[in-house]
Amino acid sequence: MDLEKLLTDRLAPAFEKVAGLPVDPVVRRSQRADFQSDAALALARRLGRPPRSIAAEVLDRAELGDLCAVAEVSGPGFLNLTVADRALGGLVAALATDPRLGVPVAAEPETVVVDYSGPNVAKEMHVGHLRSTVIGDAAARLLEWLGHRVVRANHLGDWGTPFGMLIEHLADLGEAEAAQELSMGDLDAFYKAARAKFDADEAFRERSRQRVVALQGGDEATLRLWRLLVEQSERYFLAVYELLDVTLTARDFQGESSYNDLLAPVVADLDRAGLLRESDGAACVFPPGFAGRDGEPLPLIVRKSDGGYGYPATDLAAIRHRTGSVGATRLLYVVGLPQRRHFELVYAAAAQAGWLVPPARAEHVGFGSILGSDGRMLRSRSGESVKLVALLEEAVARATWLARERNPDLGEAEAAEVGRAVGIGAIKYADLSSDRHKDYVLDWERMLALDGNTAPYLQYAYSRIRSIFRRAGTAARPDAAISLVEPAERALAIELLGFSGVVAEVARSLDFHQLAAYLYRLAAAFSAFYERCPVLRAGGELRESRLLLCDLTARVLRQGLYLLGIRTPERL
RNA sequence: GCGCCCGUAGCUCAGCGGAUAGAGCAGGGGACUUCUAAUCCCAAGGCCGCAGGUUCGAAUCCUGCCGGGCGCACCA
């Protein structure tokens with residue numbers, strides 16, 4: 001049970017009695033006590049009474065006897081609450097017997113579509129895909145764990161005009177040769193070669209254009225080549241996902257092309273609904289409230305003047321499919337912040353068309369860019385975007401080297417495994433531990449540091465606990481009585497009880513840095529505990545109590561890191 | 001021109017209506033006969049971009065500036 005919520009539930013009725021209307025007690029952690037409630041201050045004006053007197057009356061009417069050792073009015077009208085050790089111990093003991101660590105399954109499970117990663121066929125995945133993939137995967141893991149039905153939608157860029165030149169290039173190379181090149185994972189070289197020919201060779205350009213027509217016309221031979229391209233790319237992406245340790249599978253690819261047959265009907269429906277207007281030959285929806293550069297209403301172009309369909313049409317078709325056929329009520333789009341306006345337009349149009357109506361809603365889970373140490377968008381020395389695999393491989397190599405250096409006892413295989421867990425974990429944690437709306441600077445030294453708010457620090461805390469149990473040779477007794485004698489173990493207990501609250505908040509906000517910050521606080525509380533509270537050398541009941549605290553900490557760390565997509569090796 | 005995101009300690013970041021603004025790193029000082037010192041503890045470090053306003057109370061809300069980034073009709 002979440003302590004903060006428990007205190008809130010106890011204070012709320014008292015506040016309501018005093019104020020005569022429902023009041024949020026605004027319980028939060030405090031430096032002067034375990035928790036504090038600030039609501040009396042805000043109430044003073046409305047009730048025309050001194051805040052201290054309100055606070056005192058609330059205290060008088062609240063049932064806190066079994067929970068709090070100290071509950072007092074402080075300063076201008078704060079309520080300072082110190083939880084009784086006995087109550088704390090009881091709550092922790094209850095947590096220990098809960099396989100879900102205090103986190104309830106969603107009362108009303110929904111179907112959630114998480115649209116993330118979305119690489120482009122025949123193009124290398126670069127750092128730009130990293131954040132979408134990592135954040136989206138965390139969202140999918142979290143919501144799934146909470147009991148929602150999660151549909152992972154990997155909106156593959158598998159359609160559009162570039163495929164003319166890509167297929168022509170493939171045909172030029174010969175299928176066997178092309179398959180060979182693509183399977184080596186050198187998608188960049190393939191794409192660039194096609195691009196170079198397209199830019200330089202007029203005849204090739206013309207053939208490419210005809211290919212696009214053939215592709216869209218459903219020419220079987222062309223489609224076969226296209227499928228080859230898609231299959232090889234998907235195979236490559238799956239290899240990257242495995243290295244990145246994300247939960248996306250082959251079943252989750254939902255290419256743009258899969259909406260092809262829906263585009264015309266979508267536009268027809270928009271027309272029927274009277275939402276369509278022609279502008280410069282293009283079929284547009286003009287959702288109210290959007291203005292462009294010139295102050296004119298901003299269009300969402302659902303059919304281009306050449307008759308072709310672009311992104312907006314596909315996105316609308318996807319929404320209609322997801323709310324209609326899939327039955328989703330929450331649509332998450334884990335896409336960079338620059339595309340914000342695009343999605344606002346799409347959501348507005350979908351709402352007008354009746355495809356996105358409550359309880360269904362769409363959220364743009366936007367994020368900033370990854371910057372290099374120079375504070376600019378991360379680029380390779382040659383000025384190109386950095387290959388994602390290169391980044392991941394470097395992370396693993398650095399972490400493996402660190403693991404070998406730090407712990408020579410590790411065998412080759414284990415060092416490699418630890419290197420992967422730590423390296424990939426470090427990359428993901430660096431991404432998830434700061435506010436996703438901001439750009440962040442990729443810095444190897446910092447993300448792989450063993451102290452500070454990093455994945456290795458958390459993994460280290462976990463491995464220290466596992467080490468204790470290896471030495472103990474036994475598991476913790478889940479029914480052990482909890483006794484909290486040292487301040488450090490009290491502090492640890494309070495942190496443990498905060499897990500469910502944080503998880504609930506993050507499920508709503510998808511601000512994973514709050515979960516990261518919580519896990520860091522927990523790990524830091526554990527490290528302080530570890531320093532001052534001997535476990536194995538403690539006697540009898542104290543030992544059992546501490547073993548249980550250790551076990552709980554390990555479980556929360558493991559589960560929390562799992563939700564972020566980060567592994568927890570048994571030792572580092 | 002309009003819109004969005006962002007300016008907090010030397011650096012990287014939390015905090016987004018409440019009590020003296022918090023972490024980590026770097027720099028200073030301590031702690032290994034004791035469960036991994038890949039750790040812990042202590043001290044130091046801030047006109048919270050600037051100026052107004054709202055409020056009993058503003059880093060937090062509003063307005064206007066300044067600075068950085070990104071968008072703004074047929075590219076996905």
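Every chain is numbered from 1, with letters handed out A, B, ... down the list of sequences. Heavy atoms only: backbone and side chains are in, while hydrogens, waters and symmetry mates are out.
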Which is true for [X] with a 4.0 Å heavy-atom rule: it touches a base, it touches only sugar-phosphate, or it touches nothing?
| X | answer |
| --- | --- |
| A/Arg546 | nothing |
| A/Ala461 | nothing |
| A/Asp158 | nothing |
| A/Gln459 | nothing |
| A/Ser74 | base |
| A/Arg406 | base |

Distance-only donor-acceptor check, side chains [X] and [Y], under 3.5 Å:
| X | Y | value |
| --- | --- | --- |
| A/Tyr460 | A/Arg464 | yes |
| A/Tyr520 | A/Ser433 | no |
| A/Asp435 | A/Tyr440 | no |
| A/His513 | A/Asp511 | no |

Taking the same atom, [atom1], in [N] and in [M], what whole-Å distance lies between them?
| N | M | atom1 | answer |
| --- | --- | --- | --- |
| B/rA19 | B/rA58 | P | 11 Å |
| B/rA59 | B/rC6 | C1' | 14 Å |
| B/rC40 | B/rG64 | P | 46 Å |
| B/rG45 | B/rC62 | P | 33 Å |
| B/rA76 | B/rG71 | C1' | 15 Å |

TODO: Both distances under 3.5 Å, Watson-Crick or G-U wobble: on that basis, could you give the dot-bracket string for RNA chain B, with [ ] for crossing pairs and | for other-strand partners?
DONE: (((((((..((((....[...))))..((((.......))))......(((((..]....))))))))))))....
Task: Short side-chain N/O contact from A/Gln36 to OP1 or OP2 of B/rG18, under 4.0 Å - done: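 So the side chain of A/Gln36 is outside the cut-off, no N or O lying under 4.0 Å from OP1 or OP2 of B/rG18.
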- [ ] Could you label the plane-to-plane angle of the A/Tyr347 and A/Tyr333 rings as parallel, tilted or perpendicular, counting under 30° as parallel and over 60° as perpendicular?
- [x]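 Correct class here is tilted.
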TODO: Please work out whether the ring planes of A/His364 and A/Phe343 are parallel, tilted or perpendicular, with thresholds of 30° and 60°.
DONE: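 Judged by the thresholds at 30° and 60°, the geometry between A/His364 and A/Phe343 is tilted.
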Open item on the list: Taking the minimum atom-to-atom distance to the side chain of A/Val441, which one of B/rC13, B/rA19, B/rU39 wins?
Closed with: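 Nearest listed nucleotide: B/rC13.
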TODO: Select one nucleotide: of B/rC13, B/rA38, B/rC40, the one nearest the side-chain heavy atoms of A/Leu450.
DONE: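 Of the options given, the side chain of A/Leu450 lies nearest B/rA38.
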Dump the pairs, protein N or O against N or O of nucleotides 35-37 of chain B, anything under 3.5 Å, distances to one decimal.
from   : atom 1 : to       : atom 2 : distance (Å)
B/rC35 : O3'    : A/Arg471 : NE     : 3.1
B/rC35 : O2     : A/Leu536 : N      : 3.1
B/rC35 : N3     : A/Val535 : N      : 3.1
B/rC35 : N4     : A/Tyr530 : O      : 2.4
B/rC35 : N4     : A/Cys533 : O      : 3.0
B/rU36 : OP1    : A/Ser467 : OG     : 2.4
B/rU36 : OP2    : A/Arg471 : NE     : 3.4
B/rU36 : O2'    : A/Tyr460 : OH     : 2.8
B/rU36 : O4     : A/Ser463 : OG     : 3.0
B/rU36 : O4     : A/Leu572 : N      : 3.2
B/rA37 : OP2    : A/Arg464 : NH2    : 2.6

Open item on the list: With ring pair (Phe, Tyr, Trp, His ring centres under 6.0 Å) as the rule and sequence neighbours excluded, what pairs involving residues 526-550 of chain A come up?
Closed with: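 Output for this query lists A/Phe526-A/Phe529, A/Phe526-A/Tyr530.
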Task: Pi stacking test for A/Phe78 and B/rG18: under 5.5 Å apart, planes under 30° - done: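 Not stacked by the 5.5 Å and 30° rule.
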TODO: Tell me whether B/rC5 sits syn or anti, counting syn as a glycosidic angle within 90° of 0.
DONE: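 Anti, which is what one calls it when the glycosidic angle falls more than 90° from 0.
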TODO: With sequence neighbours left out, write down each residue that passes side chain to side chain contact (heavy atoms under 4.5 Å, CB included) with A/Ala403, or none if nothing qualifies.
DONE: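 Per chain and number, A/Ala403 pairs via side chain to side chain contact (heavy atoms under 4.5 Å, CB included) with A/Leu410, A/Val418.
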Validation: residues 465-477 of chain A side-chain donor-acceptor distances under 3.5 Å, sequence neighbours left out:
from     : atom 1 : to       : atom 2 : distance (Å)
A/Arg466 : NE     : A/Glu570 : OE1    : 2.8
A/Arg470 : NH1    : A/Glu570 : O      : 3.2
A/Arg477 : NE     : A/Asp479 : OD1    : 3.2

TODO: Summarise protein proximity over nucleotides 69-76 of chain B in one line of letters, 5' to 3': B for base, S for sugar-phosphate only, - for none, counting protein heavy atoms closer than 4.0 Å.
DONE: -SBBBB-B
